[in-house]
2 protein chains.
Amino acid sequence: MANIYEQDAERCEYLCVHDSVVKKVLDEMPDEEKLFDLAELFKIFGDSTRVKILYVLFEAELCVCDISTLLGATQTAVSHQLRILKSSKLVKSRKDGKNVFYSLADSHVTGIINLGMEHINE
Amino acid sequence: MANIYEQDAERCEYLCVHDSVVKKVLDEMPDEEKLFDLAELFKIFGDSTRVKILYVLFEAELCVCDISTLLGATQTAVSHQLRILKSSKLVKSRKDGKNVFYSLADSHVTGIINLGMEHINE
DNA sequence: ATAACATGTGAACAGATATTCATATGTTAA
DNA sequence: TTAACATATGAATATCTGTTCACATGTTAT
């Protein structure tokens with residue numbers, strides 16, 4: 001970036017709030033990478049198919065076939081989404097013969113979804 | 001949809017799990033609309049700019065100009081995102097002369113973000 | 001060995017979305 | 001009133017993403 005003045009040209013030149021507030025905000029702020037990862041995590045929850053998958057796994061571990069049947073989605077679509085959920089460590093899998101059973105990876109999943117539901121139900 | 005057999009052609013014909021489990025899963029499952037809304041809510045959190053905005057609002061209410069300065073983003077981009085955050089009832093606004101001050105709308109916001117952070121920090 | 005089955009995966013396509021640009025609206029100070 | 005400022009908004013664009021399709025992999029039963 002060539003020039004800070006050019007870069008900041010669109011913004012106001014001074015802050016409305018007090019310096020102490022600015023300092024506190026910047027102190028509490030996690031670094032860029034953490035914030036990116038956090039957004040990436042929520043992006044995972046931000047899809048109907050994935051939320052449904054997580055919901056059906058609340059009660060029991062299920063194989064890919066059962067999940068797609070319960071959701072009314074194709075096996076392929078579910079498989080793609082399970083891959084994403086697994087790489088984000090939200091679900092884990094266990095192979096048993098031809099089947100692969102998926103289950104929730106940790107308790108944060110239910111916590112996050114339940115809080116989200118609380119916000120919806122208002 | 002023409003035919004349920006055609007529709008379900010790709011999936012297995014029977015469920016691996018017991019009927020009692022299927023019944024429980026379907027009982028606990030919120031309806032389609034709720035699940036859609038839930039995914040829409042998390043979609044809001046699934047963007048770096050919006051997560052950053054929510055974070056800077058943890059400490060204090062801020063005007064658009066301050067937010068964009070603190071984030072290093074353009075006023076326009078921030079304004080667009082604030083509109084989305086407001087329509088999802090995650091932030092509220094208060095007008096004061098030329099400025100518009102934004103603040104978090106309710107406690108669910110911090111709860112959801114903190115749970116997300118817990119998951120990241122593992 | 002071969003057929004039937006369950007799952008995984010890469011490419012392609014369509015739809016969604018975040019940013020930028022240009023401009024409009026509304027407010028304060030001169 | 002006019003200039004400067006803060007914010008909002010619509011259109012355009014480029015990027016991202018979820019599904020589908022075709023097919024590969026791996027497992028079980030005959």
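We name chains A, B, ... by the order of the sequence lines, and we start the count at 1 in each one. None of these values were measured; they are calculated from a predicted model.
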Problem - Geometric class of the A:F45/A:F42 ring pair [parallel <30°, tilted 30-60°, perpendicular >60°] - result: tilted

Problem - Side chain to side chain, A:L90 and A:L104, heavy atoms closer than 4.5 Å - result: no

Completion exercise
Scoring nucleotides 24-30 of chain C by protein non-hydrogen atoms under 4.0 Å (B base, S sugar-phosphate only, - none) yields --SBS--

Euclidean distance, atom [atom1] of residue [X] to atom [atom2] of [N] [Å, nearest integer]:
{"X": "B:L71", "N": "D:dT7", "atom1": "CG", "atom2": "P", "value": "14 Å"}
{"X": "B:D66", "N": "D:dT7", "atom1": "CG", "atom2": "P", "value": "8 Å"}
{"X": "B:F101", "N": "D:dA6", "atom1": "CZ", "atom2": "C1'", "value": "11 Å"}

Handout entry: Straight-line distance of A:I44 CD1 to A:I112 CD1, nearest 0.5 Å
Key = 11.0 Å

Handout entry: Atom pair NE2/CG of A:H80 and A:L85 - distance to nearest 0.5 Å
Key = 13.5 Å

Exercise for the section: Apply side-chain contact (heavy atoms from CB on, under 4.5 Å) to the pair A:S48 and B:L35, showing each step before the final yes or no. Expected result: CA-CA 6 Å; A:S48 284; B:L35 291 168; 5.7 Å; no

Completion exercise
Note: contacts of residues 79-91 of chain B with DNA chain C (heavy atom, under 4.0 Å) are B:H80, B:Q81, B:I84

Practice task
May I ask you to list the residues of residues 44-54 of chain B, by number, that have any heavy atom positioned under 4.0 Å from an atom of DNA chain C?
Solution key: B:D47, B:T49, B:R50

Exercise for the section: Report which part of the nucleic acid A:Y102 touches: base, sugar-phosphate, or nothing (heavy-atom distance under 4.0 Å, all strands). Expected result: sugar-phosphate

Quick one: which residue pairs count as a salt bridge (charged side-chain N to carboxylate O under 4.0 Å, His left out) with a foot in [range], not counting sequence neighbours?
{"range": "residues 78-89 of chain A", "value": "none"}
{"range": "residues 100-122 of chain A", "value": "none"}
{"range": "residues 49-60 of chain A", "value": "A:K52-B:E32, A:E59-B:K24"}

Handout entry: In one Ile/Leu/Val/Met/Phe/Trp/Tyr side-chain cluster, 4.5 Å: A:Y55, A:V64
Key = yes

Problem - Hydrophobic cluster identity match, B:I53 and B:F101, side-chain contacts under 4.5 Å - result: no

Completion exercise
Contacts of A:E40 and A:A77 projected onto DNA chain D by closest heavy atom; the upstream (5') one is A:E40

Handout entry: Atom CZ of A:F36 with >12 non-hydrogen neighbours under 6.0 angstrom
Key = no

Practice task
Report yes if at least one side-chain N or O of B:N99 is closer than 4.0 Å to OP1 or OP2 of D:dT7; otherwise report no.
Solution key: yes

Practice task
Establish, with yes or no, whether the OP1 or OP2 oxygen of D:dT20 is under 4.0 angstrom from a side-chain nitrogen or oxygen of A:T76.
Solution key: no

Practice task
Tell whether B:Q75 reaches the base of D:dA6 with its side chain through a donor-acceptor pair below 3.5 angstrom.
Solution key: no

